[in-house]
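Have a look at the structure below before the remarks.
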Amino acid sequence: MPVQDLEKIFQDKIDADIRIEPKDWMPDAYRKTLVRQMSQHAHSEIVGMLPEANWITRAPSLRRKATLIAKVQDEAGHGLYLYSAAETLGTGRDELLEQLHTGKAKYSSIFNYPTLTWADMGAIGWLVDGAAIMNQVPLCRASYGPYARAMVRICKEESFHQRQGFEILLTLSKGSEGQRRMCQDAIDRWWWPSVMMFGPNDDASPHTAQSMQWKIKRFSNDELRQRFVDICAEQVKILGMTLPDPDLAWNEERQHYDFGAINWDEFWNVIKGNGPCNKERLEARVKAHEEGAWVRKAALVHAEKRKNIVKKEIA
Amino acid sequence: MSSENQSASGRAEWPLWEIFIRSKQGLDHKHVGSLHAADAQMAIENARDVYTRRMEGVSIWVVESKYIHASNPDDAASFYDPASDKVYRHPTFYDLPDELKHM
């Protein structure tokens, strides 16, 4: 069948909301876009464990420690759901990891910021996971079946992450003067990077139109960002804290919050590798991978040996 | 070490396993995704950690992905054709009076 016909069948399926499955014909660009987006998301989950792992041993109570460990375990799980979905498109796990370790593949820039105090665990849960959820819920209806199914699983689990974060901040907000200051400081530091998580403005986001036509993306970056700002501007009142934006104000006419200009220079700078922790995060990842090499090798050899023993016993 | 464990980059990769989970007694096992493991035992243990952290399962099946054979979606039209013109296999095909009860 000529490619034009295959492309038409493909786009017709997408328009009719019929999911694309691994063995179906798909344009190369669709496959590439998906592998890039899904692996980038998987890498973000894996690297995202690092800033939080930093606080597991210093969690203020056993309850906080247990939940933080569970959250970090979920993130490992989310990374694995997404790697597994990406592999259905024909790119192997080793290759995906290599792209991360060599810096060829990106992960969310938010994880290149440091976690300086315990309150950061709260701010990450509330704001970073909140922004992630805002991005991820529409992906549960993405046109690629394995991706959509992985996202359903992830979204179910993310809700606990956000709630535990808000609870941390709520507790601090009712605490001592020092704790309240720590709470506000964490919000101040994490707010703008979280707002940037939605990516460049729509007019500077060249792939958006194509991704929307393919129904990989359902809402534009600016739409989701606005929704996030509107929700957080209300939620912050419950904490009795403020968002660090003097221009934040309810716009009666638009029925949305107006907010200040985003510092895109900072955004691009962190993406290019000049954020506070880019080097540290990647080094930690590569180190863990390299130091685990002998375990992966030994497990394979052991499995092979056991297989041979079973074969001999049968013979 | 068998050749299928060699990935594109030439290093040894653990084989891929497809994971099926029974969410509760009385229901079928359902495909949930895949993972890498050195052997079946490890695949089951990893599947527990990856796919049942919140009591999503009471039983796990693992099958090495290379043993899964699948129909070809490109042939779907002709492959399922034998069933498409047999509406008489469905109960609604039969024209019966409304007075007829319990059928």
Side-chain angles (χ1 to χ4, degrees), chain A residues 1 6 9-10 13 18 20-26 69-71 73-88 90-99 101-102 145-147 149-150 152-153 156-157 160 289 293 295-307 310, chain B residues 1-21 23 30-57 60 62-80:
Chain A
M1 209 185 284
L6 290 169
I9 294 171
F10 170 82
K13 267 196 219 164
I18 296 172
I20 305 300
E21 294 294 342
K23 286 171 68 110
D24 294 344
W25 186 90
M26 61 188 84
I69 291 174
K71 180 174 191 280
Q73 282 174 326
D74 274 353
E75 274 143 18
H78 296 178
L80 291 172
Y81 303 155
L82 287 158
Y83 282 133
S84 146
E87 282 178 279
T88 62
T91 308
R93 180 76 56 94
D94 272 357
E95 201 177 331
L96 295 171
L97 289 181
E98 191 161 298
Q99 289 170 357
H101 296 158
T102 56
Y147 190 23
R149 294 193 285 274
V152 168
R153 213 175 278 282
K156 269 190 206 159
E157 299 181 350
F160 129 63
H289 188 72
V295 179
R296 293 192 295 277
K297 218 169 172 181
L300 259 189
V301 174
H302 179 68
E304 198 69 22
K305 196 171 99 187
R306 287 227 320 225
K307 231 189 272 171
V310 172
Chain B
M1 208 174 298
S2 56
S3 60
E4 69 249 14
N5 293 337
Q6 297 290 330
S7 72
S9 54
R11 285 171 309 178
E13 197 174 43
W14 287 349
L16 191 64
W17 301 75
E18 300 301 320
I19 312 301
F20 301 81
I21 292 183
S23 57
K30 194 174 146 201
H31 183 246
V32 292
S34 64
L35 51 76
H36 289 270
D39 60 20
Q41 190 55 39
M42 189 195 279
I44 289 174
E45 282 164 13
N46 287 357
R48 177 202 58 193
D49 294 342
V50 177
Y51 293 106
T52 67
R53 284 192 304 284
R54 288 174 177 77
M55 317 275 293
E56 290 96 336
I60 297 173
V62 300
V63 183
E64 223 183 307
S65 306
K66 65 178 180 185
Y67 295 119
I68 302 267
H69 298 270
S71 61
N72 184 350
D74 297 339
D75 301 336
S78 60
F79 190 69
Y80 299 106

**OP:** Among A:E21, A:K23, A:H78, single out the residue with the greatest number of heavy-atom pairs under 4.5 Å to chain B.
**Re:** A:K23

Subject >> Minimum heavy-atom distance between B:V50 and A:G77, given as atom pair plus value >> reply: CG1-O, 4.5 Å

**OP:** Check for a donor-acceptor pair, side chain of B:E13 on one end and backbone N or O of A:G92 on the other, with a separation under 3.5 Å.
**Re:** no

Original post:
If every non-hydrogen atom of A:R306 is compared with every non-hydrogen atom of B:Q41, which pair is closest and at what distance?
Top reply: NH2-CB, 4.5 Å

Original post:
Which heavy-atom pair separates B:W14 from A:R296 by the least distance, and what is that distance?
Top reply: NE1-O, 2.8 Å

Original post:
Measuring heavy-atom distances to chain A, does B:A40 have an atom under 4.5 Å in its side chain, in its backbone, in both, or in neither?
Top reply: neither

Subject >> Pair B:R54 + A:E157: basic N to acidic O under 4.0 Å >> reply: yes

**OP:** Look at A:R149, A:Q73, A:E87 and state which one has the largest set of heavy-atom pairs under 4.5 Å with chain B.
**Re:** A:E87

Original post:
Under a 4.5 Å heavy-atom cutoff, which of B:E56, B:M42, B:R53 has the most pairs with chain A?
Top reply: B:R53

Original post:
Rounded to the nearest 0.5 Å, how far does CG of A:L80 lie from CG of B:D49?
Top reply: 10.0 Å

Subject >> NE2 on A:H302 to CG on B:D39, rounded to 0.5 Å >> reply: 7.0 Å

Subject >> Heavy-atom side-chain proximity of A:R153 to B:Y51 below 4.5 angstrom >> reply: yes

Original post:
Say you draw a straight line from CG of B:L16 to OG of A:S84; how long is it, rounded to the nearest 0.5 Å?
Top reply: 7.0 Å

